[in-house]
Amino acid sequence: MAKKTAEATVLDRSNDDIGEAVRLELYRKQQVIRQAEQRAYDLFLQNLVKGTSHLSLGQEAIAAAFGTAMRPGDLSFCTYRGHAHTLARGVSVESVLGELMQRDNGLMRGKGGSMHLTSVEHGVMGSYAIIGAHLPIACGAALTAQYKGTGDVAVCFFGDGTTNIGAFHEALNFAAIWKLPVVFVCENNLYMEYTAIHEVTAVKHPAADRAAAYGLERIVVDGNDADAVYRTAQAAFAKARAGDGPSLIECLTYRHSGHSRADPAKYRPEGELERWKERDPIKVYRERLKSFGIAESVMTSIDQEVARMVDAATEACKAAPMPPEDILFTDVYADGGWAWRN
Amino acid sequence: MAKKTAEATVLDRSNDDIGEAVRLELYRKQQVIRQAEQRAYDLFLQNLVKGTSHLSLGQEAIAAAFGTAMRPGDLSFCTYRGHAHTLARGVSVESVLGELMQRDNGLMRGKGGSMHLTSVEHGVMGSYAIIGAHLPIACGAALTAQYKGTGDVAVCFFGDGTTNIGAFHEALNFAAIWKLPVVFVCENNLYMEYTAIHEVTAVKHPAADRAAAYGLERIVVDGNDADAVYRTAQAAFAKARAGDGPSLIECLTYRHSGHSRADPAKYRPEGELERWKERDPIKVYRERLKSFGIAESVMTSIDQEVARMVDAATEACKAAPMPPEDILFTDVYADGGWAWRN
Amino acid sequence: MAELTYRDAVARGIAQEMARDDDVIFFGEDVAKAGGVFKATVGLLDQFGPIRVRDTPISEQAILGAAMGAAMTGLKPIAEIMFSDFLAVCWDYVANEFPKSRYMTNGQVKCPLVVRTGNGAGSRFGAQHSQSVENWCMMIPGLKVVAPSSPADVVGLLAAAVRDPDPVIFFEHKSLYAVKGEVPDGEIVDTLGTAKILRPGKDATVLALALMVPRALAAAETLAAEHGIEVEVVDVRSLVPLDMQTILGSVGRTHRLFTVEENPRLCGWGAEIVSIAVEEAFYDMDGPPVRITTPHIPLPAADALEDMVLPTPARIVETIRRSLGS
Amino acid sequence: MAELTYRDAVARGIAQEMARDDDVIFFGEDVAKAGGVFKATVGLLDQFGPIRVRDTPISEQAILGAAMGAAMTGLKPIAEIMFSDFLAVCWDYVANEFPKSRYMTNGQVKCPLVVRTGNGAGSRFGAQHSQSVENWCMMIPGLKVVAPSSPADVVGLLAAAVRDPDPVIFFEHKSLYAVKGEVPDGEIVDTLGTAKILRPGKDATVLALALMVPRALAAAETLAAEHGIEVEVVDVRSLVPLDMQTILGSVGRTHRLFTVEENPRLCGWGAEIVSIAVEEAFYDMDGPPVRITTPHIPLPAADALEDMVLPTPARIVETIRRSLGS
Ligand SMILES: Cc1ncc(C[n+]2csc(CCOP(=O)(O)OP(=O)(O)O)c2C)c(N)n1
Ligand SMILES: Cc1ncc(C[n+]2csc(CCOP(=O)(O)OP(=O)(O)O)c2C)c(N)n1
Ligand SMILES: [Mg+2]
Ligand SMILES: [Mg+2]
C-alpha cells in the first residue's frame with residue numbers, strides 16, 4: 001500500500017500492492033469508457049444512436065476496476081447501463097457503438113440494442129434490462145463454476161434501485177446458502193430513474209445495510225476511487241475462488257448524465273452534480289497517478305491513443321450498413337431458425 | 001406482569017397486565033382451533049375432507065393471541081394454513097369445516113376451498129395460497145387504513161419459508177418507507193413443506209435476522225406462549241396505530257402434524273416432535289392458568305363447551321348439501337356473472 | 001373540443017377521476033415528481049398532492065399487491081407498471097390474485113383497480129421493452145382488458161376503467177403517446193366492452209387494436225383508392241369484455257374477416273376472435289379468415305429491423321388484396 | 001416392457017438423462033430429500049447425490065434464474081416449479097429471459113434447460129393450484145412446450161426435452177400421476193414436435209392434450225359404439241414445435257375439427273390451431289371447427305363443482321354428436 005506522506009508526491013511504488021502496470025490499465029479502461037460514452041452521447045445528438053441508451057459517465061471507476069481484477073473465464077452480468085462493463089472486458093468500442101447505432105457491425109448486429117450488450121467470447125454473458133433479473137442468472141453461472149471446479153467467478157453489476165426488487169432478495173439468499181462464487185456489485189449512484197433512492201428505501205445503504213440479512217459482510221467502498229474498488233474486488237474474488245461464497249459490495253458513486261438519453265436530470269438538487277464532478281473518478285485517478293510519480297505525458301498519450309481508437313470506431317460505425325432483413329428470423333431457436341411448427 | 005414466585009401457585013392476578021378475562025379468551029380460542037383442526041383431521045380420515053388441508057396443530061397460541069389482540073376493523077391476511085387465524089377472528093367452526101368438506105354451508109360455498117378461507121364480515125380478508133402474495137396485499141389494506149385514518153391495523157401471517165421469496169422483501173421495504181400500519185407475523189415452525197428452514201436460509205432467524213434490512217426492530221417471541229405473543233402483538237398494534245409503521249415479528253413454534261394432509265412428516269429427526277409436544281401451547285397455557293389460581297373446572301367446562309360446538313358443527317356439515325351447479329358461474333365479475341363477451 | 005396528445009389524455013383521464021372521487025389514488029415508479037418516464041402523468045402530483053400521487057420503489061409486486069389490498073378495502077387505486085413487459089415480474093397478481101379473489105371468496109372480496117401500462121413496439125427498445133402483451137391478460141378469466149387507440153378513447157375508457165368495479169388492465173401504446181386528437185371538453189366516460197366501427201365497408205371486416213388501428217385505416221384508404229376494395233375497420237378497443245355483437249354483425253355484412261395484431265402470432269386475440277367467428281358464423285363466410293400479425297419472434301431492437309416486423313399498411317393492403325383475389 | 005405410473009416415469013426419465021450426462025443437474029423445492037410433493041422424483045437424491053439433486057428455498061425466481069445461468073454456461077439443468085400456477089411468480093424468466101436471450105444476442109447465448117411443472121385440475125385444490133397454463137407458454141416466442149399424456153411419453157419426451165438445445169417447459173398433469181401404462185425397457189428418446197394419432201377415424205378430427213387425451217379416447221369409444229361416429233383422436237403432445245402436418249393431414253381426411261382443452265376458453269391452443277386450420281384448410285372443412293374447453297372462469301375447489309367444469313367424455317360426445325348432426 002502507498003505510504004501516506006505529507007507531501008504525497010514521492011511514493012515507494014515498488015511497495016504498492018497494485019503497481020504501475022495495473023494502475024495504467026485502470027486509467028486506460030476508465031478513459032476508454034469515458035470517451036466511448038461521450039461519443040455515444042454526441043452521436044445521439046446527431047440522431048445516429050437509436051432507441052434508448054444509459055451512460056455511466058462518472059461511474060467509470062467501478063467497471064474499470066472490476067474489469068481489471070477479473071481474469072479470463074470470469075463472467076460479467078450487466079444491466080442496460082452496461083456499456084462500461086462490456087468495454088471493461090475488452091470488447092471493442094466499434095462493436096459497442098455499432099450496436100447503439102443499430103448497425104450491422106454491432107455486437108449483436110442490432111438485434112439486441114444498447115440494453116443487451118453481450119459478448120460471450122469476452123465473458124460478457126449479457127446485459128439485462130428487466131431490473132433484478134440477472135442476479136439469479138449470475139447465481140446459475142456461479143453454480144456451473146462451482147460444479148465444474150473451474151475457480152471462475154460470476155460478477156453481477158446493478159444499481160441501488162435494484163435492491164428493492166424481489167429477485168435481489170432471492171438471489172442473495174440463494175448464493176449465500178450454496179456458497180456460490182458470485183460477486184454482487186451494487187453501484188449506488190443515489191438515484192433509480194428519476195427518484196432519489198433514499199425516498200424509497202428503508203435503510204441508508206440499500207445494499208450494504210442488507211448484507212447481514214444474508215449472513216454477509218457489510219461492504220461499502222468509494223466507487224469513484226478505482227484503487228479502492230480494485231482492492232475490494234480482489235478480496236471478494238479471492239473469497240469466491242477459495243470456496244467461501246458470495247460477496248455483496250456497495251460502491252458509492254454518481255452518474256453525471258441523466259438516467260437515459262431522454263432524461264435531462266432536472267430532479268437533482270442544485271450543486272449536487274458539481275460537487276460530485278469535483279470527485280470525477282478520472283480526475284481523481286489522474287492525480288493519483290501523478291502523485292505516484294507517473295509523468296503527465298504517459299496519461300496524455302493514453303488519452304490520445306484512446307481518442308484515436310474511438311474516432312476510428314465512430315467512422316467504422318458510420319460507414320457500416322444497417323442489419324439485413326434475413327437476420328430477423330435467425331437464432332430464435334438453436335437450429336438457427338424460428339420455426340415453431342412444421 | 002405476573003410476579004415470579006418460587007411456588008408459582010399463588011399470583012397477584014389483579015396486578016397482571018393481561019388479566020383473567022383475556023386469558024380465558026386466549027385459552028378458549030386455542031381450544032377452538034385445536035378441536036376444530038383435530039376434527040378436520042378425523043374427517044379427512046373418513047374421506048369427508050376433500051382437496052388439501054394444512055393444520056396448525058401445535059401453533060395455536062399465535063393465531064389465538066393475535067386474534068384476541070385485534071379489534072374489530074383490524075384485518076387478517078392468512079395463508080393456506082389459515083383455519084386457525086380464521087377461527088381466531090370468530091368465524092364459525094361450521095363454516096370452516098363446511099368449506100373443508102366442500103359443502104354448500106362452507107364459508108365460500110366450496111368455491112375457494114381450505115386454502116382460501118375468507119370472511120370479510122369478520123375482517124378475514126382472505127387466505128392466500130401462493131407463497132408471499134399476501135404480504136404486499138396486506139400493505140395495501142394498511143394503506144387504506146392510513147389514508148382514511150381509521151386506526152385499523154392489517155395483520156399478515158406467514159411461515160418461515162416465506163421469508164425467502166421476493167414478495168417478502170418488496171412488502172417489508174414498502175411498508176417501512178410508507179410507515180404503513182401492518183404487522184407481519186412469521187410463524188417459524190422450522191420447516192417449509194418438507195425441508196428444514198435452516199438448510200435453505202442464510203441466517204438463523206429467517207424473519208428477525210432480516211428486520212434490520214428494513215430499518216425494523218429485531219423481534220423473536222416464544223410462539224408457544226400465548227401470553228408472550230399477546231403482549232408482542234399489543235406492542236406492535238400500538239406502534240402501528242400511533243403512525244409509527246410496521247413490525248416484523250418472528251414467533252418460534254412447531255407444527256405437530258405434517259405439512260398437509262398428504263404428509264406423514266417422516267423428515268423430522270427422532271424425538272423432535274416429542275420435545276415440542278412437551279411444550280404444547282395448550283398444555284403450557286392450562287398450567288399457566290392453574291398457576292394463576294384458575295380452577296381446573298373452568299378450563300374443563302370450556303373444553304366441553306367447545307367440544308359440543310365442534311360436534312354440532314360436524315353434524316351440520318355432514319348434513320349439508322353439496323354446492324349447487326348454478327354458483328359455478330357467479331361472482332367472476334362484480335355484476336355477479338361471468339360474461340366476458342356480448 | 002381541444003386537441004390533445006394521447007400522452008396528455010392519460011393525465012387528463014386520471015385527473016378527471018381523481019377530482020371526482022377522493023378514493024382514487026395513483027402510484028408507480030417515477031410517476032409523481034417526474035411525471036412518469038413517458039411524461040403521461042405530469043401535473044398530477046401538483047394537483048392532488050403527495051398522499052394521493054406517489055412514487056414507489058422498484059418493487060412491482062409491492063405495487064400491484066398494494067393496489068389490490070387498497071382496492072379490497074375501499075380505495076380505487078390506479079397503479080402504473082412502466083412497461084407492459086414488466087408485468088412478468090408481478091404476473092402473480094395479474095394472473096392469480098386480482099382475477100380470482102372475488103370468485104374464490106364467493107363474491108366477498110372486490111378488486112376495483114386499474115393497472116396502466118406502456119405497451120407495444122416502435123421505440124427501438126428491443127425485446128424486453130417493446131412487447132404487446134394484451135393477450136397475456138386476455139387469457140386470464142376475471143380480468144378486463146382495454147387498449148385505446150385515440151386520445152379521446154384514452155380519457156373515456158380510462159374513466160370507465162376507474163369506475164369499473166373489476167380489475168382492469170389498461171394498455172397504453174408507447175408509439176401513440178405523441179399522437180394528437182380531438183377530445184371533447186368536460187367529463188368523458190366511455191363504456192368498456194364496446195368496439196367501434198371507424199370506417200364502414202362492404203367487402204371485408206378488418207379488426208385492429210391500438211397502434212394497429214391507424215395502420216388499418218391507412219390500409220383501408222389505399223385499398224379503396226387503388227383496388228376498389230371497401231373494408232370495414234373496427235377498433236376492438238376492449239378485449240374483455242369483448243364486443244362480439246359488433247364484430248359478428250360486421251362479418252355478417254362483409255362475409256370476410258381479417259385481424260391486424262401487433263402481438264406475436266400464437267394465441268393472440270386474433271386467434272380467439274377468429275375461432276369464435278368461425279364457430280358462430282362459418283356459413284356466413286365467403287373465405288378463410290386471415291390473421292395479420294407480427295411474426296412469432298422476439299422483437300429486434302434496430303429501427304431497420306423493427307420496422308420490418310410489425311404489420312404495416314402495405315402488408316395489410318397486400319394480404320387483403322391477395323386474399324380477396326383482386 | 002414394464003408397467004409404470006406416470007409419476008414413476010418422471011423419475012425414470014430424469015434418471016435416464018442424469019445417468020447419461022453429468023452436466024444434467026436437478027433442483028427445486030422439496031425435490032431431493034422428500035422426493036417431491038407429488039413423489040415424482042423419489043430416489044434421485046440417493047442415486048445421484050446431493051450435488052446434482054438439490055432442495056432449494058421457496059424462491060422461484062432464483063430457481064429459474066439459476067437454471068438459466070447454469071444452462072448458459074454449460075450445464076443442462078432440470079428445474080421444478082411445483083405447481084404450474086407458480087410460474088406466475090417467476091414469469092419474467094419464462095416470458096422475458098429464457099426465450100429472448102439467444103435472439104437478442106444474435107445467437108451467442110444458449111439456454112438448454114427444462115422446467116418441469118405440475119399442471120392441471122382434478123385434485124380439488126382450487127383456483128391457484130389447479131390451472132392449465134400451457135397456453136401462457138405457447139404464446140411466448142422462443143420457448144418449447146410439451147405436455148405428455150402417458151407414462152411412455154413422459155419418459156421419451158422428458159429425455160427429448162433434456163437433450164434439446166432450447167428452453168422447454170414440460171407440463172406434467174397432476175391428475176395423471178397415478179395413471180399406469182406400459183413403458184418399453186432401455187433408453188427411450190422421443191421427438192418434440194410430433195403429434196400422435198391414437199385412434200384413426202374418418203368422421204372428425206379430435207385434438208386433445210394431457211388429461212384430455214384419455215377423455216377424448218373415451219368419448220371416441222362412445223361415439224363409435226352408440227352413434228356410429230368414427231372420430232380420429234390426435235394427442236397433440238407438443239404445442240411448440242407444433243405438428244401441424246399431422247393435424248392438417250387428419251383434417252384433410254375427416255373434414256371436421258374439434259379441440260378438447262382443459263385451459264380456460266380464451267386464447268388457448270385450440271384457438272391457435274383452429275385459426276391456422278381455417279386459414280389453411282377452409283375449403284376442406286365441411287362445417288365449423290368447434291372448441292370444447294373449460295369455461296372461462298377461475299376453477300372452483302369443491303369436487304362437486306370442479307367435476308362440472310372440465311370437459312368430460314359425456315360433454316365431448318354430446319358436442320360432437322350435435323355438431324355432426326347425428
Ligand atoms: C422490473 C423493472 N422495473 C422497472 C424498470 C424500469 N427501470 C429501468 S432502469 C430503472 C432504474 C434503476 O435504478 P438503479 O437500480 O439504481 O440503476 P441505475 O439506472 O441507477 O444504474 C428503472 C426503474 C425495469 N427496467 N425493470
Ligand atoms: C410461490 C409458491 N411456491 C411454492 C408453494 C408451495 N408451498 C406451499 S406451502 C409451502 C411451504 C411454506 O413454508 P412456510 O412459509 O414455512 O409455511 P408453513 O407451511 O410452514 O406454515 C410451499 C413451498 C406455493 N404455494 N407458492
Ligand atoms: Mg441508481
Ligand atoms: Mg414453516
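Residue numbers begin at 1 in each chain, while the letters A, B, ... track the order of the sequences. The basis for the numbers below is simple: all heavy atoms, side chains too, and nothing from hydrogens, waters or symmetry mates.
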Pick one of side chain, backbone, both or neither for [X], based on which atoms fall under 4.5 Å of a heavy atom in chain D.
{"X": "Glu199(B)", "answer": "side chain"}
{"X": "Ile197(B)", "answer": "neither"}
{"X": "Ala129(B)", "answer": "both"}
{"X": "Leu328(B)", "answer": "both"}

Side chain, backbone, both or neither of [X] within contact of chain B (heavy atoms, under 4.5 Å):
{"X": "Leu266(D)", "answer": "side chain"}
{"X": "His129(D)", "answer": "side chain"}
{"X": "Thr56(D)", "answer": "backbone"}

(Q) I need the residue from Gly161(B), Gly113(B), Gly132(B) with the largest number of non-hydrogen atom pairs under 4.5 Å to chain D. (A)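 Greatest number of close heavy-atom pairs with chain D: Gly161(B).
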Q) Given the options Arg109(B), Arg341(B), Met192(B), Lys266(B), which has more heavy-atom pairs under 4.5 Å with chain D than any of the others? A)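 Of the options given, most contacts go to Met192(B).
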Nearest 0.5 Å please: distance from the [atom1] atom of [X] over to the [atom2] atom of [Y].
{"X": "Trp340(B)", "Y": "Arg265(D)", "atom1": "CH2", "atom2": "CZ", "answer": "6.5 Å"}
{"X": "His116(B)", "Y": "Phe125(D)", "atom1": "NE2", "atom2": "CZ", "answer": "11.0 Å"}
{"X": "Glu193(B)", "Y": "Asp30(D)", "atom1": "CD", "atom2": "CG", "answer": "5.0 Å"}
{"X": "Arg124(D)", "Y": "Gln102(B)", "atom1": "CZ", "atom2": "CD", "answer": "7.5 Å"}

Q | Under 3.5 Å: donor-acceptor pair, side chain of Asn164(B), backbone of Pro57(D) | A |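 No; judged by distance alone, with no hydrogens or angles, the pair does not exist.
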Q.
Using every non-hydrogen atom in the two residues, find where Ile58(D) and Thr162(B) come nearest and quote the distance to one decimal.
A.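 Distance-wise, the nearest heavy atoms are CD1-N, 4.4 Å.
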Q) Which heavy atom of Tyr194(B) sits nearest a heavy atom of Gly36(D), and at what distance? A)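 Reported closest heavy-atom pair: CE1-O, 4.4 Å.
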Q: Give a yes or no on this: more than 12 heavy atoms of other residues, nucleotides or ligands lie within 6.0 Å of atom OH of Tyr41(B).
A: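 Counting other residues, nucleotides and ligands, OH of Tyr41(B) stays at 12 neighbours or fewer.
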